Amino acid sequence: MKALVKTKKGPGFVEYMDVPEPVTGDDDVKVRVYACGICGSDIHILHGVYPTNAPIVLGHEFSGTIAEAGRNVKDLAIGDRVVVQTAVDTCEQCEWCRQGLRMLCPERRSVGSGRDGAFAEYVVVPARHVFRLPENVSLTAAALCEPLACVTRIVCERTQLHAGDYALVSGAGVMGQLAALVAHANGAYVIMTGLEADEAERFPMARRLGGVAQTVRADQEGALEKIAALTGGLGPHVAYECAGAASSADFCLRALRKTGTYAQLAIPGKPIPIDMDLALYKEIVLTNSYASERSSWLQALRMLEHGLVNVEPLVSAILPLDQWEEGYRRTSAKEGFKILLSPPPENREG
Ligand SMILES: [Zn+2]
Ligand SMILES: [Zn+2]
């Protein structure tokens with residue numbers, strides 16, 4: 001079958017090539033991939049700054065249908081439409097696994113970085129990490145379930161929003177848009193901040209999706225005063241940093257009300273300065289999240305099923321897998337929102 005492979009560690013070494021079709025074990029299912037999204041971490045992998053067990057098939061944000069089920073698999077059948085939790089191989093013995101915090105397992109191997117992923121026609125995964133899709137959730141929307149689960153992890157599990165709270169979302173890319181939707185679904189009044197480049201496409205998308213009440217340019221004079229004016233003079237209760245930039249982190253800290261919560265969602269990819277004195281003087285709570293846990297996937301799926309978030313407009317294009325370079329280019333250039341890659345033969349729904 002055709003697959004996108006990281007052939008060796010280091011910058012580059014990503015190739016579209018033939019690989020053997022994966023073999024389904026007794027406790028596994030083979031998923032025929034419908035489409036798989038390009039993630040920021042895939043760009044980091046291309047540049048050799050995110051760890052992998054190369055050689056490895058890339059891709060972790062996917063949806064598909066069951067093509068084959070191992071003989072011990074009872075609750076999934078051929079043709080079922082599914083998504084798959086990313087943190088697949090974990091030891092189940094360490095303290096973190098026993099607490100249900102599998103992302104923190106030192107032996108964790110995730111789909112698409114630690115073990116073979118879904119930029120391919122087929123991917124084999126343990127059946128116990130597979131979720132059947134609600135009937136009304138399309139395979140296209142479901143390909144966004146992984147980033148949505150990362151967002152439900154931070155918004156619903158790592159911070160506490162109450163109806164009527166003010167939430168600041170700094171960053172208007174896919175993660176910022178999803179964070180705004182989930183914060184809104186939790187009852188927050190959401191203010192999104194961004195830069196000049198966000199005026200053309202990203203702020204309008206935020207307004208179209210319906211989660212964001214106000215957009216504010218953080219690069220314009222008086223931005224902090226604007227946020228204060230929108231939040232009763234005190235500042236937002238929670239700030240979600242979704243840009244991974246030092247200036248954005250600093251803005252969040254300054255904008256937050258005293259006793260507010262600073263939540264790091266983006267991975268900056270490098271050390272960034274935080275004014276700890278300021279955080280201390282304001283008694284800011286600092287938190288973050290690393291990807292997602294099973295509970296966050298279940299929550300993301302419930303939100304999709306019941307129409308609490310409308311994510312499908314965030315899919316800007318579904319490109320054939322052999323056009324991965326164009327997809328990576330658009331993702332790196334921040335053109336549009338999520339780009340999905342679909343393996344051959346074209347795997348369209350219906
Ligand atoms: Zn991802
Ligand atoms: Zn473990």
Side-chain angles (χ1 to χ4, degrees), residues 4 6 14 33-47 49-53 56-64 83-120 123 125-126 128-129 131 140-155 171 173-179 182 240 242-244 264-269 288-294 296-297 300-301 304 311 314-316 324 327-328 330-332 334 336-341:
L4 190 62
K6 177 81 176 177
V14 174
V33 177
Y34 164 72
C36 181
I38 301 171
C39 177
S41 64
D42 293 314
I43 306 296
H44 288 330
I45 288 171
L46 174 67
H47 297 309
V49 295
Y50 189 94
T52 63
N53 281 342
I56 199 161
V57 177
L58 299 172
H60 62 273
E61 300 182 358
F62 68 102
S63 61
V83 288
V84 181
Q85 195 185 336
T86 329
V88 163
D89 296 326
T90 45
C91 76
E92 305 303 318
Q93 309 290 326
C94 74
E95 182 56 31
W96 313 115
C97 281
R98 288 157 75 187
Q99 288 192 25
L101 300 169
R102 291 187 174 73
M103 282 308 297
L104 304 181
C105 174
E107 318 226 324
R108 174 180 59 83
R109 292 191 310 154
S110 288
V111 173
S113 57
R115 57 179 276 153
D116 283 338
F119 284 145
V123 58
V125 290
R128 68 179 195 280
H129 295 297
F131 302 96
T140 301
L144 283 164
C145 203
E146 193 274 341
L148 183 62
C150 295
V151 168
T152 56
R153 174 82 183 140
I154 197 158
V155 177
V174 173
M175 295 313 267
Q177 301 282 347
L178 292 175
V182 175
Y240 298 98
C242 305
Q264 185 67 41
L265 177 56
I267 302 178
N288 48 39
S289 62
Y290 182 22
S292 52
E293 298 291 351
R294 181 176 177 82
S296 5
W297 281 77
L301 283 163
L304 290 171
V311 302
L314 291 171
V315 174
S316 296
W324 68 274
Y328 272 52
R330 287 192 211 173
T331 304
S332 304
K334 302 190 195 305
F337 294 90
K338 185 61 82 177
I339 309 286
L340 308 183
L341 298 176

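Note that ligands are numbered from 1 as they come in the structure, with each ligand's atoms numbered from 1 the same way. As the structure is a prediction and not an experimental result, all values here were calculated from the model.
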The Zn ion (ligand 1) to nearest N/O/S of C150 less than 2.8 Å: no
Does D116 reach the main-chain N or O of V57 with its side chain, forming a donor-acceptor pair under 3.5 Å? yes
Metal environment of the Zn ion (ligand 2), protein N/O/S under 2.8 Å: C91 SG, C94 SG, C97 SG, C105 SG
Go through the steps for M175 and C150 under the test side chain to side chain contact (heavy atoms under 4.5 Å, CB included), then give the verdict. CA-CA 9 Å; M175 295 313 267; C150 295; 3.9 Å; yes
Could you tell me whether a side-chain N or O of H129 sits under 3.5 Å from a main-chain N or O of V88, the two making a donor and an acceptor? yes
N, O or S atom of E61 closer to the Zn ion (ligand 1) than 2.8 Å: yes
For S110, side chain to side chain donor-acceptor pair (under 3.5 Å) partners two or more places apart: R108
Listed by chain and number, what are the side-chain contact (heavy atoms from CB on, under 4.5 Å) partners of A142, not counting sequence neighbours? S63, V83, L133, V137
Can you tell me the N, O or S atom of E146 that's nearest the Zn ion (ligand 1)? OE1
Partners of Q93 by side chain to side chain donor-acceptor pair (under 3.5 Å), sequence neighbours excluded? none
Residues C36 and F119: closest non-hydrogen pair is O-CE2, 3.3 Å
